[in-house]
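Notes follow once the structure below has been shown.
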Amino acid sequence: AAAAVAAAGGAERLLCPRCSRAVSDRHGICRHCGDNAYQCRQCRNINFDQLDAFLCNECGFCKHARFDFQLRARPSREAEPVATPEDRIAALATVERELSASAEKRAQLAAARAPLAALVARVRASPAVVVG
C-alpha cells in the first residue's frame with residue numbers, strides 16, 4: 001500500500017503507506033500502525049519542505065504517476081571533427097547561434113502558452129455543439 005492521496009467525494013484524504021487506512025491526523029501519523037503517511041513509498045524519506053510533493057526529493061518516486069525514460073545512443077558521423085583552434089572557434093560560434101535560436105523559440109512558445117490555455121478553458125466551459 002502506498003502513502004497515496006485518494007479522491008473521495010471531491011475531498012482528498014491521506015492513506016497510510018503500511019496499512020492503507022485513512023489518516024486523519026494533521027501530522028500524518030496513522031493511529032492504527034503509527035507509520036507516517038507523508039513518507040515516500042520507495043525510500044521512506046519525508047520531505048518536510050513540501051509534504052504533498054508530486055515527486056520524492058530524495059529518490060524521485062511519484063505516487064501519482066509513472067515516468068519511464070529510454071535513451072539510446074550511438075556514435076554519430078554527422079558532426080565534423082574539430083581538429084584546429086579555428087575549427088573550435090567555428091564550432092563554438094555554431095553552438096552559440098543554435099542556443100540563441102532555441103532560446104528565442106522557447107520564449108515564443110512560452111508567450112503563446114497563456115492565450116492557448118485561456119482558449120482551452122473557454123472551450124471546456126462552453127456547452128457542447130453538435131455539427132452535423
Side-chain angles (χ1 to χ4, degrees):
V5 177
E12 293 182 349
R13 61 187 176 128
L14 193 61
L15 298 178
C16 176
R18 183 179 293 169
C19 65
S20 298
R21 295 187 183 193
V23 177
S24 59
D25 183 50
R26 69 181 185 144
H27 300 292
I29 305 299
C30 178
R31 291 183 187 190
H32 182 260
C33 67
D35 218 3
N36 191 325
Y38 290 115
Q39 68 187 3
C40 174
R41 176 180 167 193
Q42 295 288 329
C43 68
R44 301 182 65 87
N45 176 54
I46 300 171
N47 183 355
F48 290 105
D49 294 331
Q50 189 175 3
L51 289 175
D52 60 343
F54 187 73
L55 295 173
C56 174
N57 64 340
E58 189 69 26
C59 70
F61 176 75
C62 178
K63 59 187 173 184
H64 305 290
R66 181 175 168 181
F67 298 101
D68 290 325
F69 296 98
Q70 273 189 348
L71 179 65
R72 293 185 184 181
R74 63 179 183 198
S76 173
R77 308 285 187 248
E78 298 286 326
E80 297 177 19
V82 178
T84 65
E86 293 80 22
D87 291 345
R88 183 182 64 83
I89 292 169
L92 287 174
T94 302
V95 168
E96 287 295 326
R97 188 173 55 250
E98 294 297 327
L99 277 174
S100 64
S102 67
E104 182 180 326
K105 295 294 182 187
R106 186 177 191 281
Q108 290 173 355
L109 287 172
R113 183 179 186 154
L116 287 174
L119 284 172
V120 168
R122 199 167 58 187
V123 166
R124 285 185 180 164
S126 67
V129 177
V130 178
V131 179

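As a basis for the values below, the full set of heavy atoms in this structure was taken, side chains included, without hydrogen atoms, waters or symmetry mates. Positions are given from 1, in the same order as the sequence printed here.
Take Asp25 and apply the side chain to side chain contact (heavy atoms under 4.5 Å, CB included) test, not counting sequence neighbours, and it matches Val23, His27, Ile29. Under the salt bridge (charged side-chain N to carboxylate O under 4.0 Å, His left out) criterion, Arg21 pairs with no residue, sequence neighbours left out. Not a single ring pair (Phe, Tyr, Trp, His ring centres under 6.0 Å) links Phe48 to another residue, sequence neighbours left out.
The CD atom of Glu58 sits 12.5 Å away from atom CD of Gln42, with the distance rounded to the nearest 0.5 Å. Note: Ile46 CD1 to Asn36 CG = 4.0 Å, rounded to the nearest 0.5 Å. Between atom NE2 of residue His64 and atom CG of residue Leu55 there is a gap of 9.0 Å, rounded to the nearest 0.5 Å. The structure places CD of Gln39 at 10.5 Å from SG of Cys56, a figure rounded to the nearest 0.5 Å.
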Which pairs of donor and acceptor atoms, one on a side chain in residues 108-123, lie under 3.5 Å apart (sequence neighbours left out)?
none

Which donor-acceptor pairs under 3.5 Å do side chains of residues 98-105 form with protein atoms, sequence neighbours excluded?
from   : atom 1 : to    : atom 2 : distance (Å)
Ser100 : OG     : Glu96 : O      : 3.4
Ser100 : OG     : Arg97 : O      : 2.9
Ser102 : OG     : Glu98 : O      : 3.3
Ser102 : OG     : Leu99 : O      : 2.9

Check: residues 81-92 side-chain donor-acceptor pairs under 3.5 Å, at least two apart:
from  : atom 1 : to    : atom 2 : distance (Å)
Thr84 : OG1    : Glu86 : OE1    : 3.4
Thr84 : OG1    : Asp87 : N      : 3.1
Thr84 : OG1    : Asp87 : OD2    : 3.4
Asp87 : OD2    : Ala83 : N      : 3.4

Let me have the donor-acceptor pairs involving side chains of residues 66-74, under 3.5 Å, with sequence neighbours excluded, atom names and distances please.
from  : atom 1 : to    : atom 2 : distance (Å)
Arg66 : NE     : Asp68 : OD1    : 3.3
Arg66 : NE     : Asp68 : OD2    : 3.3

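The two residues Ala37 and Cys16 have their closest heavy-atom pair at CB-CA, 4.3 Å. The two atoms that bring Gly28 and Tyr38 nearest to each other are CA-CE1, 3.5 Å, heavy atoms only. Summarising the geometry of Asp35 relative to Pro17, their closest heavy-atom pair is OD2-CG, 3.8 Å, with the distance given to 0.1 Å.
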